[in-house]
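Okay, so here's the structure we're looking at.
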Amino acid sequence: ISGTSLNKFTVYPNPFAGDLKVQVNADKAAAATIRISNLAGQVQLNRTVNLQKGENTFVLINELKNLNAGVYILELLSDGQKTSQTILKK
């Protein structure tokens, strides 16, 4: 039995100034966590989301306004799987 497959994980716009959209295609419904950390590994955002089977889009609006400009790691975690992408705040 396999975990949730996180296909086509996209973050846009990148670089971003305000809002950030996270788009993921999941092969089944599951809970997931969107985690944003700085390069020192300090977690800046931990948000639990519910994935539906198929295309999912989550918009991070107010959660990121206090981040300083710089490079961050956005991770998507679900069913023991982790996928990540580097993001840049302008």
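- Not counting sequence neighbours, Lys21 has no partner by the side-chain hydrogen bond (donor to acceptor under 3.5 Å, both in side chains) test.
- For Ser78 against Ala31, the heavy-atom pair with the smallest separation is OG-O, 2.9 Å.
- With Leu74 as the partner, the side chain to side chain contact (heavy atoms under 4.5 Å, CB included) test is satisfied by one option alone out of Thr83, Leu45, Ile36: Ile36.
- One distance of note links NZ of Lys53 with CG of Asn25; it measures 10.0 Å at 0.5 Å rounding.
- A side chain to side chain contact (heavy atoms under 4.5 Å, CB included) with Ile73 is found for one member of Ile87, Leu39, Val43 and no other, namely Leu39.
- In this structure, OG in Ser37 is found 7.0 Å from CD in Gln44, a value given to the nearest 0.5 Å.
- Here Glu75 contributes atom CD and Asn46 contributes atom CG; the two are 9.0 Å apart, rounded to the nearest 0.5 Å.
- Side-chain atoms of Asp79 do not come within 3.5 Å of backbone N or O of Gln81 as any donor-acceptor pair.
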Candidate pair Asn56 and Gln52, rule side chain to side chain donor-acceptor pair (under 3.5 Å), full reasoning: CA-CA 7 Å; Asn56 296 265; Gln52 303 300 319; 5.6 Å; no

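- Note: Lys90 NZ to Phe16 CZ = 10.0 Å, rounded to the nearest 0.5 Å.
- A heavy-atom distance below 4.5 Å is not found between the side chains of Thr33 and Val49.
- Nearest heavy atoms, Asp19 versus Pro13: O-CD, 3.8 Å.
- The shortest side-chain heavy-atom distance between Leu76 and Arg35 does not fall under the 4.5 Å cut-off.
- Contact of the Tyr72 side chain with the Lys89 side chain is registered, since non-hydrogen atoms from C-beta on lie closer than 4.5 Å.
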Residues Leu20, Tyr12; criterion side-chain contact (heavy atoms from CB on, under 4.5 Å); working and verdict: CA-CA 6 Å; Leu20 186 67; Tyr12 61 95; over 6 Å; no

Name each donor-acceptor pair under 3.5 Å that joins a side chain in residues 58-71 to protein atoms two or more places apart or in another chain, with its distance.
unit_1 : atom_1 : unit_2 : atom_2 : d
Glu63  : OE1    : Ile61  : N      : 3.0
Glu63  : OE2    : Arg47  : NH1    : 3.1

